[in-house]
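Along the sequence shown, the residues carry numbers beginning at 1. No experiment lies behind these values; they were computed from the predicted model shown.
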Amino acid sequence: MIRLGMVGGGEGAFIGAVHRHAAALDHRYRLVAGAFSSNADTSRRSGAALGLDPDRVHADYADMARAEAARDDGIEVVSIVTPNHMHAPVARAFLEAGIHVICDKPVTTNSDDARALQALAAEKGLIFAVTHNYSAYPMVRQARAMVQAGQLGDIRVVQVEYAQDWLAEPLEQTGQKQAAWRTDPARAGGGAIGDIGSHAWHLADTIVGQPVESLCAQLNTFVPGRAIDDDVQVMLRYAGGARGMLWASQVAPGHANDLRIRVFGSRGGIEWRQQQPNELLYTPLGEPTRILERNGPGTHPAARRLSRVPAGHTEGYIDAFAALYTEVARHLLARRDGSDPGEAWFPTIADGLRGVLFIETVQASSCEGGAWMPLPAY
């Protein structure tokens, strides 16, 4: 099994537990070390709760990188699940120590740091994965395969949205940990656009396969006293001629984690919704809508490969996260024994850099009153 370390994800953290469950699901990883909090006592308690050797539970990520790199049985890859502003320094420390990286998104809070990490990973010859987990849902891979095969014809319209309601009130003022750092510009780097808008962008990017060429955007802050955006609306122009719209909001009552996408081409359209992830709606032009079911008739091998159970048994959020971890594992194991990882695919630091450039361009456009702006080259 791959020896895994983790930075962040200690007591009271949400996403750290998700990563640990995902890494364990397909029995490809074993968590052996961590620096779970910037507070040494919290890190120790978290490591003890996970049953780790106390000598492998560190109070500081830099010490962890040095210590693990010096061990014959040191970690092979680190999972970074800290608040956004810590992604870059933590990733840099482990890359410099020769350790592969799996990092939560957005990969950094600015594109200069993302470019530097991309260059460092390339220099060291290391894997740098970014956990845009929605890209690993089987029916997202189905949609991607259909677009690549030309089943929709020329792509014309892309509509993607991610709506939540958990920040419709000033939850950050109650001391709630997740709300506190996600609404802090210094730690988050972006509000709704960085937290969930980046997921919407990457979902569309994964399926459509065309880069966004330019955009115009409006960031909104609806909750009084909030220091960061909680709603964003973006118009998109794709390099291949398609036009699109992206909406991300954390102040939409009645929506929990409602990520959805519709893609329309000259020969048909598709629709997928994260809250009903095992189905993909497909409408060939002039024909009735069809419901394609995960692992059911008509599904593409790229979708079947990420499915674990027969059609009708539901798979969801943790399963998709686990599929992404397993895609990374195939590459890590191939590096270890010189084998071929096959068709395994996952978002890399290049996707992470493009995501940060997208966030920055949205912010710049909004500051200029919604002016159309090109996305910088990456």
Side-chain angles (χ1 to χ4, degrees), residues 1-2 4 6 8-9 13-31 50 77 79-81 102-105 127 129-146 160 162-164 195-196 198-200 202-207 255-261 270-282 291-333 341-348 351:
M1 297 176 76
I2 297 163
L4 174 69
M6 178 170 284
F14 158 67
I15 202 65
V18 170
H19 279 253
R20 290 191 291 271
H21 292 320
L25 190 58
D26 290 335
H27 309 290
R28 300 297 183 94
Y29 299 86
R30 181 165 60 93
L31 181 67
L50 293 168
V77 60
S79 181
I80 302 172
V81 295
I102 300 172
C103 185
D104 223 347
K105 62 82 229 162
I127 290 171
V130 179
T131 51
H132 279 292
N133 56 294
Y134 300 104
S135 67
Y137 273 100
M139 298 315 285
V140 169
R141 297 293 178 95
Q142 172 71 25
R144 174 185 170 93
M146 292 172 69
V160 62
Y162 198 153
Q164 298 176 331
D195 197 22
I196 58 175
S198 59
H199 273 312
H202 191 262
L203 177 65
D205 189 74
T206 297
I207 292 174
H255 295 269
N257 277 283
D258 200 359
L259 173 63
R260 64 174 74 188
I261 185 169
I270 52 176
E271 180 175 354
W272 180 81
R273 185 181 181 190
Q274 198 261 158
Q275 293 186 179
Q276 297 170 326
N278 292 274
E279 296 179 350
L280 178 72
L281 302 184
Y282 169 46
I291 301 175
L292 302 182
E293 189 174 10
R294 182 199 50 75
N295 233 359
T299 51
H300 193 276
R304 288 180 178 271
R305 188 169 57 80
L306 298 191
S307 297
R308 293 177 179 80
V309 295
H313 294 296
T314 57
E315 293 184 3
Y317 181 73
I318 297 292
D319 302 271
F321 236 114
L324 188 58
Y325 261 87
T326 297
E327 296 283 80
V328 177
R330 290 189 175 103
H331 282 261
L332 290 168
L333 293 170
E343 297 181 1
W345 174 84
F346 58 88
T348 68
D351 297 88

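- Partners of Ala320 under the side-chain contact (heavy atoms from CB on, under 4.5 Å) rule, at least two apart in sequence or in another chain, are Tyr137.
- Residues Arg141 and Trp345 form a side-chain contact, since some pair of their non-hydrogen atoms from C-beta on lies under 4.5 Å apart.
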Ile102/Ile80 under side-chain contact (heavy atoms from CB on, under 4.5 Å): CA gap, chis, key distance, verdict
CA-CA 6 Å; Ile102 300 172; Ile80 302 172; over 6 Å; no
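- Between Val160 and Ala200, the shortest heavy-atom distance links the atoms CG2-O, 3.5 Å.
- Evaluation of the side-chain contact (heavy atoms from CB on, under 4.5 Å) rule for Asp104 yields Ile15, His19, His87, Thr131 as partners, not counting sequence neighbours.
- No side-chain donor from either of Glu315 and Asn278 sits under 3.5 Å from a side-chain acceptor of the other.
- Distance alone, capped at 3.5 Å, places no donor-acceptor pair between the Arg28 side chain and the Thr326 backbone.
- Atoms CD and CD1, from Gln274 and Ile261 in turn, are 13.0 Å apart once rounded to the nearest 0.5 Å.
- Closest approach of Ser307 to Arg294, counting heavy atoms only: OG-CG, 3.3 Å.
- Once rounded to the nearest 0.5 Å, the distance linking CG of Leu306 with OG of Ser135 reads 9.0 Å.
- Pro347 and Leu324 get closest at one heavy-atom pair: CD-CD1, 3.4 Å.
- For the side-chain contact (heavy atoms from CB on, under 4.5 Å) test, residues two or more places apart in sequence or in another chain that qualify with Arg304 are Asn295, Thr299.
- Taking 4.0 Å as the cut-off between side-chain N and carboxylate O, Arg305 and Glu327 count as a salt-bridged pair.
- With hydrogens and angles disregarded, a donor-acceptor distance shorter than 3.5 Å links the side chain of Asp351 to the backbone of Thr348.
- Salt bridge status for Asp26 with Arg308: present, with a side-chain N to carboxylate O gap under 4.0 Å.
- Remark: Tyr29 engages Tyr325 in a ring pair (Phe, Tyr, Trp, His ring centres under 6.0 Å) (not counting sequence neighbours).
- Contact detail for Met139 and Leu280: the closest heavy-atom pair is CE-CB, 3.7 Å.
- Under the ring pair (Phe, Tyr, Trp, His ring centres under 6.0 Å) criterion, His202 pairs with His132, sequence neighbours left out.
- Exactly one of His300, Glu279, Met146 qualifies for a side chain to side chain contact (heavy atoms under 4.5 Å, CB included) with Leu292. That residue is Met146.
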For Tyr162 and Asn257, what are the C-alpha separation, side-chain angles and deciding distance, and is it a side-chain hydrogen bond (donor to acceptor under 3.5 Å, both in side chains)?
CA-CA 7 Å; Tyr162 198 153; Asn257 277 283; 2.7 Å; yes
Which is it for Asp195 and Lys105 under the salt bridge (charged side-chain N to carboxylate O under 4.0 Å, His left out) test, yes or no, and what are the steps along the way?
CA-CA 8 Å; Asp195 197 22; Lys105 62 82 229 162; 3.8 Å; yes
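- Taken from CG in Asn133 to CG in Leu203, the straight-line distance is 10.5 Å, to the nearest 0.5 Å.
- Taking every heavy atom of both residues into account, Val81 and Gly9 meet most closely at CG2-N, 3.5 Å.
- Here the closest non-hydrogen pair linking Ala143 and Ile270 is CB-CD1, 3.6 Å.
- Not one N or O on the side chain of Arg273 forms a donor-acceptor pair closer than 3.5 Å with the backbone of Leu259.
- Residues satisfying the side-chain contact (heavy atoms from CB on, under 4.5 Å) test with His331, not counting sequence neighbours, are Ile127, Pro341, Ala344, Phe346.
- A donor-acceptor pair under 3.5 Å links the side-chain atoms of Trp272 to the main chain of Pro277, judged by distance alone.
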